[in-house]
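Below: one structure, written as C-alpha cells.
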Amino acid sequence: MRFSFQAIKPHLILVIVAAVSVGFVYIGPPLAVKRNFEENGQRFVLAQYKTYRDSLQAYLGRAREVYEGHFPPSELYGDHQLPTVQNPLPPALFAPFLVLFGGNTDSAYLGAQFFFVGAIFALFYWLGWLFTASRAKALFLGLTGTLTPIVLKLPFYKWQGLAEFQAFFLNNFFPFVRTQFDQLYLARVDEPLLTYPIYLAAIALFFLFWRSPSRVKAVWAGIFSGLIFYTYFHHWVYWTIAWGTLFVYSLIFRKYDPNRLRYFIWFLIAFAIAILPYVVGYLQFSALPTSSDFTYRAGVAFGRVVGIDVGNLADYAFYIGLAVVVWATFWRRDKNMAIFLLALISAMFLVWNVQLVAGFSPVPHFFRRPIAPAIFIVSFAVIFEIIKRIEARWRSAEKIIVGIFLVLSAMLITKKIVNIVYINCCLQSHLVDYYRFPGEVAESWDWIKENIPGEPKIISPSTMTSFYLTSHTAARPYLPTAFTTLMSMQEMEDRYLTS
C-alpha cells in the first residue's frame with residue numbers, strides 16, 4: 001500500500017495544529033503563575049516538593065545525571081555509576097531539554113511538557129484514526145486522552161459515583177467551571193509524560209501488525225515493545241503479557257492464519273534484540289552486593305499468592321463486564337479486533353498475578369498505571385464501533401455525530417484556555433500558597449552553579465535539600481535518599497549519622 005504526501009497532508013496539518021495547541025494549554029498555567037509571581041518580585045520555582053513531588057524525589061535528578069554526562073544514570077549521591085534496573089530512557093528523553101535551556105530544570109520541564117504531551121496527543125489521534133478512519137473522532141480521542149484525567153483514572157477504582165465521573169471527566173467540557181488548575185494531568189515525569197509515548201506507540205504499531213501482518217510492521221512493533229523495558233517496569237510486564245497472549249493464540253490457531261505466525265517470528269527477533277541490553281543490565285545489577293537492599297526499598301512484595309483482595313475486587317468486576325461488552329460488540333463482525341481487545345483485557349487479569357510465577361511483584365497496585373490507558377483504548381474502540389453502526393443505519397446521523405465530536409473538542413480546548421486566562425488575570429490564593437518558595441534557597445542553587453565547578457559534595461542533614469540539589473544543580477549531596485540510591489543500608493545509615 002502506497003502513501004502519498006497529499007493523502008497524509010490533511011492529517012499532518014490537523015495533528016500539528018492540535019498538538020501545538022495541546023502543548024500550549026499544558027504550559028500556559030505554570031507560565032501564568034510564573035508571571036504573577038515575578039510581577040510581585042517573588043522567585044518562581046516550578047519543580048518543588050509540593051508541586052511535583054515524585055518528579056523531584058526520583059526522576060528529575062536522574063535526568064540531570066544524563067545532562068551531566070552519566071548514562072545510564074544510576075547513582076545520584078555516590079562516586080560510582082553501578083549497574084541499575086532503574087529506567088534509563090525517560091531521563092535520556094528529558095536531558096536534551098536541559099541542554100536546550102542551559103541546565104535550567106524548570107524551563108526544561110516546561111519544554112518537555114510542551115513536546116511530549118503533543119506527541120501523546122498525536123499517538124492517541126493515530127489510534128483513533130486506526131479505529132474509525134474519521135478525523136473528527138480521532139481528534140476527540142486525542143484531546144480526551146490528553147486534556148482529561150480519565151486516561152489515568154479508569155476504571156475509577158475508588159468509585160464515588162456520578163460526582164467522581166463529573167469531576168474527572170464532565171467538568172473538563174464546561175468553560176464556566178472556574179476552579180484554577182496549575183498543572184494538567186500528564187505533566188508528571190517519568191510516568192506518564194515520558195513513558196506514554198513509547199507505550200502508546202508500541203500498542204499502535206502492534207495493532208497495525210495484528211490487523212495486517214508484514215515483516216516491516218512486525219519489526220517496528222517488536223522494537224517498540226522492547227523499548228518499553230527501558231521506560232517503566234509495570235508497563236512492560238503488562239504489555240508483554242498482552243502481546244504474549246496474542247502470540248499464544250496465533251500459535252494455537254496457526255492453521256487459520258499461518259502468515260501471521262511467520263511474521264510473529266520477526267517480531268520476536270526484533271523484540272529480543274531490543275531487550276538484550278536490559279537483560280544484561282539486570283544480570284549485572286543482580287550480582288551487586290547491594291541489590292537486595294535496593295529491592296527491599298523499592299517496595300517489592302514477595303510470595304506466591306493469588307492477586308485478589310478487597311482492594312481490587314471492583315477492578316476484576318469491571319474487567320469481566322468490559323470483556324462481555326467487547327465480545328458482544330465485535331465477535332461476530334470483527335473477530336480480529338475482538339481478539340486484540342480481549343487480549344488487552346486478559347492481561348489485566350493476569351498481571352495482578354505475576355507473583356504466582358515470579359514469586360514477587362514490585363508495588364502491585366502500580367499495575368493500574370498501564371491498565372488505565374488500555375481500558376481507555378478498549379472503551380473508545382467499543383464506543384466508536386457502536387457509533388459506526390448507528391451511522392450505517394441512519395445515514396443522516398453521521399454529520400450530526402461528527403458535529404457533536406467537533407463541538408465537544410472545541411469545548412475541551414476552550415475550557416483549558418479559560419483556565420489560563422483566569423490564572424493570568426486573577427490568581428487564586430490557593431495557588432499562591434502552593435507555589436510560594438523561599439527565594440534564598442533558589443538563590444543558593446544559583447550560587448552553587450556559578451561558584452563551585454564540577455559535581456561538588458554538599459553535606460546537609462535535610463533529605464529535602466538532597467532532593468532539590470540533585471534536581472536543580474550538579475551537586476552530589478552526601479545524604480542519600482532511599483528511592484534512588486544503590487548504596488547499602490549500612491552506608492546510608494553511616495552517611496546519615498555523619499550528616
Over 60° means perpendicular and under 30° means parallel, so tell me whether [X] and [Y] are parallel, tilted or perpendicular.
| X | Y | answer |
| --- | --- | --- |
| Phe206 | Phe209 | perpendicular |
| His235 | Tyr199 | tilted |
| Trp243 | Phe264 | tilted |

Centre-to-centre under 6.0 Å for [X] and [Y], is that the case here?
| X | Y | result |
| --- | --- | --- |
| Phe380 | Phe376 | yes |
| Phe44 | Tyr435 | yes |
| Phe271 | Phe229 | yes |
| Tyr263 | Phe267 | no |
| Phe131 | Phe207 | yes |

- Query: Looking only at heavy atoms, what is the nearest atom pair of Gly142 and Phe124, with distance?
  - Reply: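 Closest approach of Gly142 to Phe124, heavy atoms only: CA-CB, 3.6 Å.
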
- So which heavy atom on Glu191 is nearest to which on Arg369, and how close?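 Looking at all heavy atoms of both residues, the closest pair is OE2-CB, 3.5 Å.
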
For [range], pull every pair meeting side-chain hydrogen bond (donor to acceptor under 3.5 Å, both in side chains), keeping only residues two or more places apart or in separate chains.
| range | value |
| --- | --- |
| residues 128-152 | Lys137-Glu391 |
| residues 338-348 | none |
| residues 373-389 | Glu385-Arg389 |
| residues 111-120 | Tyr52-Gln113 |

- Message: Can you pull out every salt bridge (Lys or Arg N to Asp or Glu O under 4.0 Å) where at least one residue sits in residues 23-38? Sequence neighbours excluded, please.
- Response: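 Qualifying pairs: Lys34-Glu38, Arg35-Glu39.
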
- Message: Checking Ala32 now: which residues fulfil side-chain contact (heavy atoms from CB on, under 4.5 Å) with it, not counting sequence neighbours?
- Response: Ile423, Asn424

- Item | By side-chain contact (heavy atoms from CB on, under 4.5 Å) - contacts of Asp257 (at least two apart) | Asn259, Arg260

Within the structure provided, determine whether [X] and [Y] are in side-chain contact (heavy-atom separation under 4.5 Å).
| X | Y | answer |
| --- | --- | --- |
| Phe94 | Tyr67 | no |
| Phe37 | Phe437 | no |
| Leu141 | Tyr125 | no |

Mark yes or no for whether [X], through its side chain, and [Y], through its backbone, hold a donor-acceptor pair below 3.5 Å.
| X | Y | answer |
| --- | --- | --- |
| Gln180 | Cys426 | yes |
| Asn353 | Gly307 | yes |
| Tyr230 | Tyr278 | yes |
| Asp182 | Pro29 | no |
| Gln183 | Thr51 | yes |
| Ser74 | Thr84 | no |
| His472 | Gly61 | no |
| Arg254 | Leu261 | no |
| Thr470 | Phe467 | yes |
| Arg64 | Gly103 | yes |

Side-chain donor-acceptor pairs under 3.5 Å in residues 320-332, sequence neighbours left out?
from	atom 1	to	atom 2	distance (Å)
Thr329	OG1	Val325	O	2.7

By ring-ring contact (aromatic ring centres under 6.0 Å, His included), which residues pair with [X], not counting sequence neighbours?
| X | result |
| --- | --- |
| Phe224 | none |
| Phe169 | Phe165, Phe173 |
| Phe349 | Tyr316, Tyr319 |

- For Thr240, check side-chain hydrogen bond (donor to acceptor under 3.5 Å, both in side chains) against everything at least two apart and list the hits.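 With sequence neighbours excluded, Thr240 shows a side-chain hydrogen bond (donor to acceptor under 3.5 Å, both in side chains) to no residue whatsoever.
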
